[in-house]
Amino acid sequence: MFVWSALAVAPLSWVALSADPPPADSTAKKVLVMNIKGAIGPVSDDYVRGGLARARETQAALVILRMDTPGGLDTSMREIIKEIIASPIPVVAYVAPSGARAASAGTYILYASHVAAMAPATNLGAATPVRIGGGGGSEKPPREEPKIKSKDGSKDKEPRPPLGDDAMTHKVVNDAVAYIRGLAQMRGRNGEWAEKAVREAASLHAEEAVRLRVVDFIAADIDDLLAKVEGRRIEVQGKDTRLTALKGATLVAFEPDWRTRLL
């Protein structure tokens with residue numbers, strides 16, 4: 001579950017690729033690969049921002065954001081999503097390797113990305129926001145609906161259940177639902193299941209995620225991913241774009257700078 005208060009620092013793990021592209025045809029397209037492993041927090045946000053900036057500087061054709069995360073801070077998640085939406089370079093969110101997950105905040109990032117893919121035996125979901133720290137207390141007591149008389153007056157219908165433990169929880173959950181549904185609409189993904197992931201903490205394995213149009217496809221590895229993304233039409237900054245000539249592209253790992261390593 002992602003949290004919407006307190007502070008988290010995200011441990012990061014880096015893909016085992018060369019930071020500099022090998023000597024090759026200078027006309028070959030470049031694909032920048034980033035890797036997030038662990039909780040999403042301010043360091044993750046800083047890392048993604050830097051990677052997307054590098055992708056623009058090097059005129060990369062595509063960015064692959066490989067994830068294995070249990071979730072993290074709401075604020076950092078939203079900053080990452082804003083950066084992905086604003087990116088002129090298409091971003092593929094890829095849950096990998098097998099056994100990885102994109103829970104909570106990771107699910108929102110998947111929904112926001114131009115293309116969403118998962119490795120076999122991965123999962124996503126459980127996107128209910130959780131408040132930590134700072135105590136609780138309702139702004140007002142839960143509201144219970146009054147009993148409703150049946151048409152013939154013979155018996156009363158049972159009231160609907162209370163709205164919840166406190167008003168603040170409802171505000172946060174409803175805000176999260178509206179947010180993920182907006183992302184689903186923007187990318188043409190399953191908004192009904194997205195709401196279920198928030199309200200009911202629902203989760204999916206990779207095969208079900210593809211079947212329910214939550215993600216686009218399953219890819220065994222990055223080479224398979226590039227083959228499957230070839231020719232796909234997506235919308236980038238409001239413009240229809242077709243992804244082409246990515247097979248055999250030069251993979252470039254975006255490594256953390258000294259500041260990120262220190263954090």
Side-chain angles (χ1 to χ4, degrees), residues 1-2 13 15-16 31 33-40 44 48 62-72 77 80-81 84-85 90-130 176-177 179-235 241-244 246-247 249 251:
M1 300 180 181
F2 74 84
S13 171
V15 288
V31 173
V33 181
M34 293 186 283
N35 216 33
I36 292 181
K37 181 177 176 62
I40 291 171
S44 310
V48 172
L62 190 70
V63 171
I64 297 174
L65 181 59
R66 189 163 60 175
M67 295 191 297
D68 180 7
T69 178
M77 173 197 78
I80 289 171
I81 287 173
I84 290 172
I85 293 172
V91 176
V92 178
Y94 180 37
V95 187
S98 293
R101 59 179 169 167
S104 197
T107 298
Y108 291 76
I109 293 171
L110 273 173
Y111 264 85
S113 298
H114 301 94
V115 179
M118 301 176 74
T122 55
N123 66 280
L124 79 162
T128 306
V130 175
V177 166
Y179 188 53
I180 201 168
R181 271 193 168 273
L183 297 174
Q185 183 176 7
M186 179 176 63
R187 300 300 188 207
R189 300 203 167 98
N190 189 329
E192 290 185 6
W193 186 86
E195 179 168 348
K196 191 175 179 181
V198 176
R199 294 196 186 279
E200 303 176 24
S203 295
L204 288 176
H205 58 76
E207 289 77 10
E208 279 290 287
V210 173
R211 186 180 71 81
L212 293 177
R213 296 184 300 104
V214 173
V215 301
D216 299 301
F217 54 80
I218 295 172
D221 52 33
I222 288 181
D223 288 340
D224 188 29
L225 185 151
L226 292 177
K228 288 179 176 176
V229 83
E230 181 73 24
R232 183 173 290 271
R233 303 196 76 92
I234 58 174
E235 186 176 289
T241 302
R242 187 166 181 261
L243 300 173
T244 59
L246 292 169
K247 189 175 181 179
L251 299 179

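Numbering of residues begins at 1 and proceeds along the displayed sequence.
Note that CD of E230 is 6.0 Å distant from OG1 of T244, once rounded to the nearest 0.5 Å. Taken from OH in Y94 to CG in L225, the straight-line distance is 6.0 Å, to the nearest 0.5 Å. To the nearest 0.5 Å, atom CZ of residue R211 and atom NE2 of residue H205 are 8.5 Å apart. One finds the CG atom of L183 at 5.5 Å from the CD1 atom of I85 (value rounded to the nearest 0.5 Å). Atom-to-atom distance recorded for L212:CG and E192:CD is 10.5 Å, nearest 0.5 angstrom.
In this structure, R101 and D68 approach most closely via the heavy-atom pair N-OD1, 3.2 Å. Of all the heavy atoms in G71 and S104, the pair that sits closest is CA-CB, 4.0 Å. Listed here is the closest heavy atom pair of P120 and S98: O-OG, 2.8 Å. Smallest separation of non-hydrogen atoms from I218 and A119: CG2-C, 4.1 Å. Taking each heavy atom of H114 and I84 in turn, the nearest pair found is CE1-O, 3.5 Å. P70 and A39 make their closest contact through CD-N, 4.0 Å (heavy atoms, listed as atom of the first residue, atom of the second, distance).
Looking at T122, its side chain never comes within 3.5 Å of a backbone N or O of A100 through a donor-acceptor pair. Between the side chain of T107 and the main chain of A102, a donor-acceptor pair closer than 3.5 Å is present. Looking at Y108, its side chain never comes within 3.5 Å of a backbone N or O of Y179 through a donor-acceptor pair. With hydrogens and angles ignored, the 3.5 Å screen pairs a side-chain donor or acceptor of R189 with a backbone N or O of Y111.
Between L62 and L226 the shortest side-chain heavy-atom distance falls below 4.5 Å. Using a 4.5 Å heavy-atom cutoff, the side chains of V115 and F217 are in contact. The side-chain heavy atoms of L124 and V95, taken from C-beta on, include no pair separated by under 4.5 Å. Using a 4.5 Å heavy-atom cutoff, the side chains of V92 and S113 are not in contact. At least one side-chain heavy atom of M67 sits under 4.5 Å from a side-chain heavy atom of L110. In this structure the side chain of I40 reaches within 4.5 angstrom of the side chain of I109, judged on heavy atoms.
Residues that satisfy the side-chain hydrogen bond (donor to acceptor under 3.5 Å, both in side chains) test with R199, not counting sequence neighbours, are N174, E195. Partners of N190 by side-chain hydrogen bond (donor to acceptor under 3.5 Å, both in side chains), not counting sequence neighbours: none found.
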- Message: For D216 and R232: C-alpha separation, side-chain torsions, deciding distance, then whether side chain to side chain contact (heavy atoms under 4.5 Å, CB included) applies.
- Response: CA-CA 10 Å; D216 299 301; R232 183 173 290 271; 3.9 Å; yes

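Heavy atoms from other residues, nucleotides or ligands lying under 6.0 Å from CD of Q185 number 12 at most.
Residue pairs meeting the salt bridge (charged side-chain N to carboxylate O under 4.0 Å, His left out) criterion with at least one partner in residues 218-227, sequence neighbours excluded, are D224-K228.
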